[in-house]
Amino acid sequence: MFGNVVAVMAGLALLAVKGFESVPQSNELDMIPEGKPPAFVTPGQTYRIATGSTVVLPCRITQPGSYVLAWKRGIAVLTAGPVKVTPDPRVRLLPSPAVGASVSGSGVPGIPELSGGGYSLELKDVKPQDAGDYVCQIGTMEPREITHTLEILVPPRIHYVSHTGPLEVAQGATVKMECRASGNPVPVVSWTRKNNVLPSGERSVNGLSLVIQHADRHSAGQYQCSADNGVGQPDTKHITLKVLYPPEVETERSYVHTGVGLEAQLVCLVHAEPGPQVLWFKDTAQLGTTEQHATQARGNRYTLVIRNVTMADFGNYSCVASNMHGKSRGNLELTGTASTALFDSPSLGPDKDQYNISWSVNSHASVIEYKLYYRQQPRHHHSHYQDDIRANNTRIGFRNDWNNVIIPGYGVTSTYLGSVPAPYPGVTRQRMSYIIRNLQPATTYEARVQAKNEHGWNKMSPAFHFTTRSNDMENMVEPSAQPAVYGISQQGMAGYGTSGTSRITYSAVLMLLILLI
Ligand SMILES: *[C@@H]1O[C@H](CO)[C@@H](O)[C@H](O)[C@H]1NC(C)=O
Ligand SMILES: *[C@@H]1O[C@H](CO)[C@@H](O)[C@H](O)[C@H]1NC(C)=O
Ligand SMILES: *[C@@H]1O[C@H](CO)[C@@H](O)[C@H](O)[C@H]1NC(C)=O
């Protein structure tokens, strides 16, 4: 009995030094069990375990008898029989439950039964360096073993970011941001921008670096690189990109229509990095904050408030925005004249020889008179287009085929007046209509209008097109009686004479309309 114990102990000691293969034969001979040699119940397997977690590598055998079961890693013996050999405190042996009922004692007192059915190896708090092969071996004559492979999954970690503080670049520069990450499996690094898409328009791109060509103010923002490999949480780092550029100024409205006694607001929208200084001028005189003037800045919106507008306040204003990268100006005109007229009568009239044309302007002061111009739509588009250019540039540049009518405005008794809402303090929409007589049937005309109030004439309206109706269907198909092609356009000049196909479409639609009605 005692001899056996010594032999086992000696064997263990030897194992610890030389490994399991060198188990002395005497041990084997001394401890020969009855029956078949043991076999493994658990096959060798690969385990993928995240760092920090605990893994149990199973090793269950049949017919345990008195064979010594050892766990090895490479040439290092971790355990031998019930004894833990490695000093690593994270390693623990767990007896496996017996397989079946055929458990027989070793008959050696003082030594725990070799196993119920083997020993599993528990490894706590696994680390990347624990990766590798773990062998469970039974000391039979021909050693038998199974091999478990441990792969350690490491959550992603970004260990390098190209820019830690805010990244400032000049407008037009090429920006390269970089993030490098480790982990197992190798993490995928992706880029996004907080509350925005990337400058390329994509929501996210993969890659260790993000390159932005020609950075401009739209490229600025908080970028983030994120590393993900499916283990644990993705790791994320931020890079704040500032693009430095001179001010860019837009005016909300370049003509501000107002009236005496009103409050007027002139608005410039300014983008600049770093933030701009914005000054206001009337002509060349800088405006300070006075009882009459106040300046406001909200975000990129800079406002000059003119309280209680007087005649002297009308004129040209500018906002001048500057920062260390440059200066820019927005021009605005404060005017008491009416806004440009908008037509609202239908483009196809109900009559064949007359047409009720109507429009409105916004004006604080009552409109004194309107000047209405109209003529048959010319058929030669090119020369007509040039004519329109001239008409835009000067009020009296019309060819003599224009008819013009002067129509008294609101407050002046007129048989042509429609119902106009009573003027109220503030800028008012003032409507007007006029019946143009002696027109040709099924013919397209164009019209423009200008309004005059106590502050003068407003800007000439763009051309408006209307078409008279035909009573006679046969007339319609005669080429000379075909409606001209601009009748649909309400706003006149926009897109004028640019597209032949759209013109054809318009006239086709118009024909159809006329035929249907
Ligand atoms: C606007 O100015 C006029 C003349 O200076 C003054 O009579 C009027 O009370 C002012 N109105 C307001 C609202 O300040
Ligand atoms: C404002 O400036 C424009 C040219 O930019 C000029 O035609 C116009 O007469 C000016 N208006 C006043 C009231 O000075
Ligand atoms: C002309 O049109 C205007 C606006 O639609 C309307 O108020 C007015 O009564 C019309 N005039 C006639 C004579 O039908």
Side-chain angles (χ1 to χ4, degrees), residues 249-260 262 264 266 268 280-287 292-293 304 306 309-320 328-365 367 370 372 374 392-397 405 407-423 428-439 445 447 449-461 464-469 490:
V249 179
E250 282 171 78
T251 55
E252 200 173 62
R253 278 191 301 269
S254 48
Y255 287 91
V256 177
H257 298 272
T258 186
V260 171
L262 299 183
L266 306 180
C268 283
W280 287 92
F281 293 85
K282 176 163 193 286
D283 300 316
T284 52
Q286 193 189 323
L287 302 172
Q292 179 72 351
H293 297 121
L304 173 70
I306 303 170
V309 170
T310 65
M311 291 294 275
D313 291 320
F314 294 124
N316 285 322
Y317 289 78
S318 56
C319 61
V320 176
S328 185
R329 171 189 296 265
N331 293 312
L332 310 98
E333 188 170 343
L334 185 70
T335 174
T337 61
S339 65
T340 308
L342 288 174
F343 292 91
D344 55 12
S345 45
S347 54
L348 178 62
D351 303 310
K352 64 173 183 166
D353 59 351
Q354 62 178 30
Y355 178 77
N356 180 5
I357 188 167
S358 62
W359 66 89
S360 65
V361 297
N362 292 323
S363 175
H364 175 60
V367 174
Y370 296 95
L372 170 69
Y374 66 93
N392 259 353
N393 291 340
T394 139
R395 292 189 178 112
I396 49 165
V405 195
I407 305 156
Y410 175 80
V412 181
T413 314
S414 164
T415 49
Y416 305 119
L417 261 180
S419 58
V420 175
T428 316
R429 183 156 174 250
Q430 300 187 24
R431 299 199 65 208
M432 182 53 69
S433 64
Y434 177 79
I435 297 185
I436 306 175
R437 298 182 197 278
N438 299 321
L439 299 177
Y445 291 84
V449 78
Q450 231 185 325
K452 182 179 149 186
N453 65 13
E454 59 175 320
H455 303 290
W457 287 101
N458 73 349
K459 285 210 303 177
M460 175 70 76
S461 75
F464 167 73
H465 299 88
F466 63 89
T467 303
T468 50
R469 202 170 287 258
Q490 289 274 342

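Values below: every heavy atom of this structure, side chains too, minus hydrogens, waters and symmetry copies. In listed order, ligands and their atoms are each counted from 1. What you see is a predicted model; the values in this text were computed from it and never measured.
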Legend entry - Heavy-atom closest pair, residues Arg437 and Gln354: NH1-OE1, 2.9 Å

Inset, instruction - Could you tell me which atoms of ligand 3, counted from 1 in the order shown, lie closer than 4.0 angstrom to a heavy atom of Asn356? - result: 1 (C), 2 (O), 3 (C), 8 (C), 10 (C), 11 (N), 12 (C), 14 (O)

Legend entry - Approximate separation, where rounding is to 0.5 Å, of Leu439 CG and Thr467 OG1: 11.0 Å

Inset, instruction - Grab the two heavy atoms, one from Lys282 and one from Ala312, that are nearest each other, plus how far apart they are. - result: NZ-O, 3.3 Å

Legend entry - Results of side chain to side chain donor-acceptor pair (under 3.5 Å) for Gln292 - residues two or more places apart only: Asp313

Inset, instruction - Write down the atom of Ser318, the atom of Leu332, and the distance for their closest heavy-atom approach. - result: CA-CD1, 4.4 Å

Inset, instruction - For ligand 3, indicate whether the residue Ile435 contacts it via side chain, backbone, both or neither (heavy-atom separation under 4.0 Å). - result: side chain

Inset, instruction - Please check if atom CG in Asn438 has more than 12 non-hydrogen atoms from other residues, nucleotides or ligands closer than 6.0 Å. - result: no

Legend entry - Backbone or side-chain N or O of Arg431 under 3.5 Å from ligand 3 N or O: no

Legend entry - Option passing ring-ring contact (aromatic ring centres under 6.0 Å, His included) with Phe464 (candidates Tyr374, Phe343, Tyr445): Phe343

Could you list, one pair per line, each nitrogen or oxygen of ligand 2 together with any protein nitrogen or oxygen closer than 3.5 Å, giving atom names and the distance rounded to 0.1 Å?
from     : atom 1 : to     : atom 2 : distance (Å)
ligand 2 : 2 (O)  : Asn316 : OD1    : 3.4
ligand 2 : 2 (O)  : Asn316 : ND2    : 2.2
ligand 2 : 11 (N) : Asn316 : ND2    : 3.0
ligand 2 : 14 (O) : Asn316 : ND2    : 3.3

